Every structure is written in C-alpha cells, then in structure tokens.
A.B. asks: 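Take a look at the following structure, please.
Source: prediction; values computed, not measured.
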Amino acid sequence: MSDASSRQPGSTWSLHNGGRTAAALLAFVLAFASLSLTLGAPSATAAASSTVRVSLNANAPAVSASGEAVSVSGTITNTGSAIAHPVVHVSVSSRLLDTRSTAESWMSGKLDLPMTEVASAEASPLSSGSSTSFAVDIPGKSLKYDYGMASLPLTVTVTDGKSSTASGIRGMARSTLHLQNGPVRSPLQMSIVIPLTLPADTDLFGPSGTARAEAWEHAIGPDSQVQRTLDAFQGQPVTFAVDPALIDPPAAADNNVPSASASPSSSSSGSGSGSGSGTESSGSAPSDSAGTSNSTSGGDHSSDPGSDTATPNPTSTAAGTSGTTDDTDSSDDSSDSNSDNTGGATDGATDQDSQSPSPSESSTTQPTTSQGRIDAAVDDLTDRLTSLGDEQAVWWLPDDDPDLSALQRAGAPGKALARRDFARPLPDAVKDLGDTRLVWPSADLSASSITTWAKSLAARSKGDAVALLPGRSVGQSQTSTTTHRVSGTSGVITYDESLSRIFSKSTTSPGTETSRLLTQLMALYLQSPGTARSLTLVAPRSGGANPVQLAAQVGALTEADWVSLRSGRQTAEALRTAPKTSLLSQPRKGTPFPKPPARAITPAELADLSRSRSRLSALQSALVGGDDVIPQRKRGLDIVGSTRWRGAPAKLAEVADRDTDAVSSMLRKLSIRSSTINFFADSGDISVTVSNELNRPVRDLQLHLLPRTFLIRVTDDVQQVDIDAESRATAHFHIEAVGGGTVPLDAMLIAPNGTPLTDKDAPSQVKINVHPTSGWIMWVLGVLAGLILLIGLLRAVRRGPRTATEPVAADTPTPNDAIVDAGQRRPQNDDQHDDDHDNEHDNNEHNDEGTDTDDD
C-alpha cells in the first residue's frame with residue numbers, strides 16, 4: 001500500500017506532464033499548419049509603418065463566379081524613399097464576411113485574418129513622391145470555392161523586391177472579393193436618390209454682370225458639378241432630386257427695375273430672366289438730386305428761380321401686368337416665371353447689355369450678353385433633364401430647397417418664407433418630366449411637421465408630395481422596407497444612413513468603398529435570403545461626393561444579383577402599394593446622414609428680409625408694370641432661407657446685406673429734392689419737386705408735408721404725384737403763415753398701398769423762411785415812411801418861403817415871322833419916335849436899380 005501510495009503521486013505527475021507535452025505538440029502542429037498556409041502571404045497587420053499609399057479600383061468583374069479570373073488594379077504612390085523593385089502581392093482568405101459587423105471590422109482593420117497569396121506582379125520603379133499604376137490578374141484556379149455566395153477578405157501588399165517578409169513590406173490596402181455561384185431569391189430592392197442643387201456661391205445671386213454670368217455657368221454649365229453628375233449616371237436607374245432654381249434663376253440683386261422696353265427672356269425654361277439696359281429713358285433727362293427745387297408764393301419769393309417746374313405727362317401703359325399680388329403666402333411669386341427679373345442700369349451692375357438674343361440668334365451664335373449666357377446655360381440644362389431616359393426620374397424639391405428645420409425654428413417669418421418657396425410652381429418647360437414634389441428636411445423634424453409640410457406642398461403644387469426621411473423616423477419593425485404609406489403625405493421613403501455614408505464617401509481608393517458597400521449589402525441579404533426587402537441610398541446635397549465614384553458604385557451594384565435597382569418609375573409604383581404605417585413623433589437618436597452643418601439663417605436676417613419685402617410691395621403698388629417685375633425681385637430676397645447656406649453663415653450674411661442695400665438704393669431713386677424757400681406772404685403756394693430715377697414710371701404716389709412747428713399751416717398736406725421714368729414732377733401746396741421764422745417741413749412719399757417709401761427716421765426736408773405781410777414787416781415799413789415824411793418837413797421849415805423871380809428876357813431875338821400886327825400905325829416922324837423910345841428905356845433902368853436896392 002505504501003508502494004501504491006508512493007507511485008500515485010508519480011503517476012499523477014507523469015500524466016500531467018504528458019498532457020502538457022501533448023498540448024504543446026498540438027499547438028506546434030497548428031502553428032506550422034498556419035505558417036504553411038500563409039507562407040509567402042504578408043500579414044494583414046504589416047502596414048503600420050507604410051511608406052506606400054495603395055489606391056484600388058473596383059475589381060473586374062465586381063462579382064465573379066467560382067473559378068473565374070479576377071483583375072485587381074489600382075495606383076501606388078511612394079511617400080518614402082525610392083523603391084527600385086516594387087512588387088504587388090494579392091492575397092485572399094477563405095473566411096466568410098457574412099455579417100455586417102464582421103465585414104466592417106475587417107475593412108476598418110480591427111479584424112486580422114490569415115491570408116493566402118494568389119497572385120503577384122511587378123510594378124515600375126518608384127522614386128520618392130512618384131506614383132504608378134498596377135494590375136494583377138488572379139487566375140481562376142486560385143479562386144475555386146464552393147460557396148453559393150461569399151464575400152472574402154482580400155489584401156493588396158507592396159514590397160521592395162519579391163520578399164514578403166514584414167521588413168520588406170512598404171504598404172498594404174484591404175478590400176474584398178465577391179463570389180456568386182447560385183441563384184438569388186428575393187434580391188434587395190434598391191432606390192438611389194441623387195440631389196441636384198445650387199452651391200453656396202454668393203455671385204450666383206449678385207447684381208447683373210459678368211461675375212453673375214460666370215457663376216451660373218460654373219454652377220449649371222457644361223463643366224459644372226450638375227452636368228458632370230448627369231453625365232456620370234447616364235443610363236443608370238437613379239432618381240434625381242432637383243431644385244427648380246437650377247432652371248429658374250431668381251432675379252439679380254440690382255438696384256433698379258428693368259425698363260419697360262426690355263424684352264422678357266427668350267429662354268425656353270421660362271426662367272423669367274430678362275435683361276435691359278436701363279439707359280433708355282421714357283421721360284426727360286434725370287434730375288440732379290443735389291439741386292434745390294423752385295418755390296412759389298404770393299410774390300416773387302423763389303430762392304432758385306431757374307429750376308424746372310414742368311410736370312411731365314404721365315404715360316398710361318407699360319409692360320403688361322399679370323394682376324398678381326405678392327403679399328399672400330399662396331400667390332407670392334406664382335406668376336414670375338415669365339417676367340423680367342434683371343435690373344437696368346444700376347450702380348452696382350456691370351452689365352450694360354440691351355437685351356437677350358432671340359432664339360434664332362442663340363442657335364447660331366454664341367451669346368454675348370451676360371443674361372444671354374445665363375439663358376444659354378439654363379436652356380442646355382433643361383434640355384438635358386427633358387431628355388432623360390425612362391430608367392431615370394426627376395423629383396422636384398421646393399423652390400430654392402428651403403431649410404425647413406432652420407426656418408421652422410425661426411418662427412413666423414421663417415415659416416412664411418418656407419410657404420412662399422412651397423407655393424412657387426414648376427417652370428412650364430419641365431412640367432412634362434412630372435410634378436412629384438419632395439420634402440427632404442436637412443435635419444430631424446417631428447412627424448407632425450413632416451405631414452404639415454407635405455400637405456402644404458401637395459395642396460399648392462397639385463402633385464404628389466413625397467417625404468424623404470432617415471430610417472430612424474419609423475419603428476424598428478418597419479425598417480425592412482423603404483417605402484411607406486403615411487397619412488397626410490403621398491408616401492414616405494426612408495433611407496439607410498450607414499449605407500448612404502459608404503456610398504457617398506469620396507476617397508482616393510474608390511474600389512475600397514465599392515467593395516465595402518457590396519460586402520455590407522451581401523451581409524444584409526444573407527440575414528434573410530428569402531424575405532422581400534427594400535432600401536434607399538442618398539447622396540449629400542452639398543455636392544461634395546464625386547459623381548464618377550458614385551456612378552462606379554452604381555455600376556458595381558448592377559453586377560450584384562442580390563441587389564435589384566429600381567428606376568424612378570418603379571419607386572413611385574412601390575409607394576402606391578407600400579404598407580401603411582405611421583412616423584415616430586420624433587426620430588430615434590442616431591448618427592445622421594448627411595450630417596447637417598450648423599444652420600446659418602438668423603432672426604436679424606429674416607427681419608431685414610421682411611422689411612425689404614414690405615418696401616418692394618409698396619413700390620409694386622406704384623410702379624407701372626410692377627406686377628411683372630417686383631415679384632421676381634422679392635423671390636430674389638427669399639434665397640436667404642435655402643439649405644445651401646448651412647455651414648456658410650458669412651456667405652449668407654454677405655448675400656442678405658447686399659440684397660438689403662440694393663432694395664434701399666432702389667427706393668432712394670424716388671427722392672424729394674430738398675430746398676429752402678423764402679415766403680413773403682400771409683398765404684400762397686409753394687412747389688416741391690420729386691425725382692424718379694427708376695427705369696419705369698410711377699403712379700399715384702402721395703406726397704405728404706408735415707411742418708415741425710406751428711408757424712405755418714398746410715391747408716392740404718397731401719398731393720398725388722405721377723412721374724415718368726427717369727424724370728421729375730412738381731407738386732403744389734397751399735400754406736398759410738401764422739408767424740415769422742424758419743420752418744422745417746418733413747416731406748414723405750407714400751405708396752398707393754399706404755406704405756411709406758421714405759424712411760420715417762430720415763425724411764426729406766423742405767425749409768421755409770416765413771415773412772408774413774401782416775407782421776413786423778409792415779410796422780418796419782410804416783416807421784420808414786414816417787421818418788421820410790418827418791425829414792422832409794424839417795428841411796422845408798428851415799428854408800422858409802420862396803419869392804417868385806421875374807422871367808428873364810430871352811437871349812435870342814424874336815424872329816420876324818413871330819411879330820404880329822396889333823393895329824393901325826399912328827403917323828409920327830422918326831426923330832420923335834426915337835426920343836420916346838430912349839426916354840422909356842431910361843425909366844426902366846431907374847426902376848430896376850430901385851428893386852435891387854430893396855432886395856439887398
């Protein structure tokens with residue numbers, strides 16, 4: 001028993017050590033087997049110190065069958081020292097990536113797997129900083145797998161020389177290989193939505209001129225992102241979400257209105273973009289706003305007697321009016337699509353073109369005017385959209401793609417702006433494309449808000465109003481389908497945010513993202529192969545996604561039998577037969593895609609917008625043909641509410657300030673000429689001159705005069721004024737003097753709708769120097785008359801009475817013919833006659849001497 005007890009410990013020890021030895025041997029065998037499998041295959045973790053960047057293209061083919069050769073291609077860029085003999089190795093693992101989490105772990109580098117090299121190829125020598133392309137063909141015999149459907153890990157490794165040891169690896173990239181050997185049951189029904197919107201370019205919405213034309217050509221012209229997107233997706237089954245502003249540009253931010261002689265745009269898009277020189281005048285020459293007006297009163301009391309006081313005859317016709325008004329949400333700018341929308345000669349505009357070329361000219365000559373260039377770009381894009389194939393569809397966003405979430409937060413002014421955008425109809429030129437409207441909020445909104453906006457859009461557009469929302473907006477049990485019937489809408493489409501993020505990612509290695517997307521979709525399909533399911537992918541509005549890469553991924557999806565792409569028409573049909581559901585009151589928490597940048601619109605900008613619109617409404621009520629041109633100008637103000645400005649508050653502020661300044665400058669073209677009037681009367685008329693520098697006449701303006709003191713009284717303080725384009729008119733007011741002094745009068749222009757056109761805080765002023773005749777002036781004149789009389793009397797008293805003086809004989813003798821015969825001559829001799837004459841002469845001399853003595 002002692003022997004037994006002594007051997008027991010030894011036996012136990014032997015068995016224990018024997019077990020450890022067996023385990024170590026098994027581990028050695030497994031390690032050797034693994035090493036033999038991976039011999040010559042670089043480790044998937046060997047690229048930590050990479051000096052080569054590997055960019056992959058999509059595999060060719062993207063989906064292959066077992067035993068089918070596959071080509072792996074791409075570009076390698078050397079970021080380190082020179083590589084004399086670069087070699088590209090392609091390795092594959094047999095491990096299935098059959099779940100979405102496993103696939104993402106592999107692609108993100110969190111999962112390491114043993115790899116087997118299946119092909120290699122040499123590349124051109126690489127100096128530091130240089131790049132070269134490569135292509136490695138995997139022979140079919142190396143890809144014989146029995147899987148019916150599989151996504152397999154794949155690596156591309158670059159070494160300096162043929163050695164694949166860790167020390168020789170210069171760079172590596174991960175991807176996947178997709179195999180399909182059998183039929184697919186119930187493939188995933190996929191819809192793809194691609195937005196086409198305008199960028200956040202301030203020049204698009206500036207004044208008429210070259211800069212605006214170049215901006216529109218850059219935004220929608222032949223080399224634009226929009227046109228390149230249409231080119232890339234040509235023939236592929238996608239749905240385009242289009243902002244109507246692309247083919248219906250808003251009015252330029254000019255500080256004048258188009259002249260009545262300017263022709264509407266000949267653009268077939270019905271954009272309403274017209275051009276006019278604004279240098280044509282339908283009245284007299286423009287007045288000098290710095291001059292002083294003439295004035296009249298009871299006498300000649302003008303301080304500027306040379307001023308022109310003629311009132312021009314009003315014209316009774318101009319451009320035809322549409323009869324629309326703009327102060328209601330439902331009809332703000334509904335008739336703008338065929339109206340003029342560019343200003344004439346403006347201070348800020350550089351375009352002095354007279355009008356757009358006619359359609360016949362446009363077809364044979366290159367447009368030379370800035371507006372003609374915009375019209376040509378609009379026409380070209382309209383033609384592209386109307387020529388899309390049946391596999392593609394156009395769904396229309398509300399005009400100018402309003403930022404619903406931001407505008408709703410802004411309260412009543414923001415909601416009013418959104419309603420105006422929702423109310424604008426589609427241009428006539430594209431109505432054949434369909435009138436399906438799309439509500440696509442840029443950030444999460446409540447279910448009640450979504451249905452409210454959808455109802456509003458459907459009622460105003462008289463078409464289907466579909467909501468495009470993230471999958472978080474519906475319950476978890478409803479995520480197997482992407483189409484839903486929701487009360488209050490024409491349908492709801494929910495999109496997969498994580499897959500859309502992969503689909504839209506712009507990268508230097510597009511093949512990597514294509515492989516990632518195909519792997520995720522296969523894993524999603526393998527979760528329930530026999531169940532009918534659908535999903536939707538969207539691209540971001542910002543235009544940041546590369547359209548060529550997006551189209552390449554769509555092309556790869558067409559090769560995957562587990563995915564069936566829907567055309568726009570098929571998506572619309574699916575909405576009609578979709579299951580009925582309801583939206584969550586608030587979307588579930590998650591990582592939104594596209595991630596909305598910070599909202600840019602502010603309450604101050606919305607307040608400025610409201611004031612500018614009110615002032616334009618006032619001008620519209622007075623302007624001849626105002627219903628043709630002002631609604632488009634108002635629409636040009638509403639661009640501040642667009643989604644495009646998210647993340648660009650400085651650009652939005654620039655646009656808003658420029659629009660406000662342009663409206664203020666336009667209203668200042670209706671001005672009251674300041675003057676100073678000398679008024680020497682108890683009552684009488686004065687004249688006030690009003691200038692109109694606008695390109696169109698104004699009618700029924702009311703000119704108000706309000707004295708700031710009670711020294712005068714204006715008996716009728718309101719006069720109606722009609723003024724021709726680029727002319728001036730004079731209004732006459734009757735005033736009564738109450739006292740003397742200088743009286744300032746506030747002069748204001750009031751539009752026919754009762755809105756002041758003159759700033760209440762800075763009205764024009766007319767000054768009157770009042771000198772009433774019943775006042776101190778009469779006392780002064782009376783005193784002066786009395787003084788003159790008194791001085792005269794004093795001078796008369798000092799001189800005394802004056803004696804009359806005998807008339808002095810004339811120095812010249814009386815002519816003979818003047819002597820008249822007084823009667824018969826008495827006979828007398830000559831001597832006696834002479835003596836009598838002498839005596840008489842002596843007596844006269846004696847009498848004269850006596851008179852002189854008395855005087856002395």
A.B. asks: Could you tell me whether the side chain of Thr483 and the main chain of Ala578 form a donor-acceptor pair under 3.5 Å?
C.D. replies: no
A.B. asks: Given 3.5 Å as the limit, does a donor-acceptor pair link the side chain of Lys580 with the main chain of Arg485, or not?
C.D. replies: no
A.B. asks: Other residues, nucleotides and ligands only: do more than 12 of their heavy atoms fall within 6.0 Å of CD on Gln234?
C.D. replies: no
A.B. asks: Taking atom types as modelled, find out whether Ser191 and Thr571 have a side-chain donor-acceptor pair closer than 3.5 angstrom.
C.D. replies: yes
A.B. asks: For the backbone of Ser567 and the side chain of Gln570, can you confirm whether one donor and one acceptor N or O come within less than 3.5 Å of each other?
C.D. replies: yes
A.B. asks: Only one of Arg472, Lys595, Arg588 clears salt bridge (Lys or Arg N to Asp or Glu O under 4.0 Å) with Glu497; which?
C.D. replies: Arg472
A.B. asks: Is any side-chain N of the basic residue among Glu104 and Arg516 closer than 4.0 Å to the acidic one's carboxylate O?
C.D. replies: yes
A.B. asks: Could you tell me which residues satisfy side-chain hydrogen bond (donor to acceptor under 3.5 Å, both in side chains) with Gln236, sequence neighbours excluded, listed by chain and number?
C.D. replies: none
A.B. asks: Looking at Lys431 and Asp428, is any side-chain nitrogen of the basic one under 4.0 Å from a carboxylate oxygen of the acidic one?
C.D. replies: yes
A.B. asks: Test: side chain to side chain donor-acceptor pair (under 3.5 Å). Region: residues 554-563. Which pairs qualify, not counting sequence neighbours?
C.D. replies: Gln180-Asp561
A.B. asks: So, for Ile502 and Gln553, which heavy atoms are closest and what is the spacing to 0.1 Å?
C.D. replies: O-NE2, 3.9 Å
A.B. asks: Would Arg541 and Asp243 pass as an ion pair if we require N to O under 4.0 Å?
C.D. replies: no
A.B. asks: Given Phe233 and Arg228, is the side-chain contact (heavy atoms from CB on, under 4.5 Å) satisfied, shown in steps?
C.D. replies: CA-CA 9 Å; Phe233 286 100; Arg228 286 188 285 113; over 6 Å; no
A.B. asks: Looking at Arg635 and Asp248, is there a salt bridge between them, counting it only when a charged N and a carboxylate O are closer than 4.0 Å?
C.D. replies: yes
A.B. asks: Apply side-chain contact (heavy atoms from CB on, under 4.5 Å) to the pair Arg613 and Leu637, showing each step before the final yes or no.
C.D. replies: CA-CA 8 Å; Arg613 286 181 58 85; Leu637 299 178; 3.9 Å; yes
A.B. asks: Which pairs pass side chain to side chain donor-acceptor pair (under 3.5 Å) with one or both residues in residues 525-536, sequence neighbours excluded?
C.D. replies: Thr481-Ser534, Thr482-Thr536, Ser528-Thr531
A.B. asks: May I ask you to establish whether Arg437 and Trp395 are in a cation-pi arrangement, using a distance under 6.0 Å from NZ or CZ to the six-membered ring centre and at most 45° from the ring axis?
C.D. replies: no
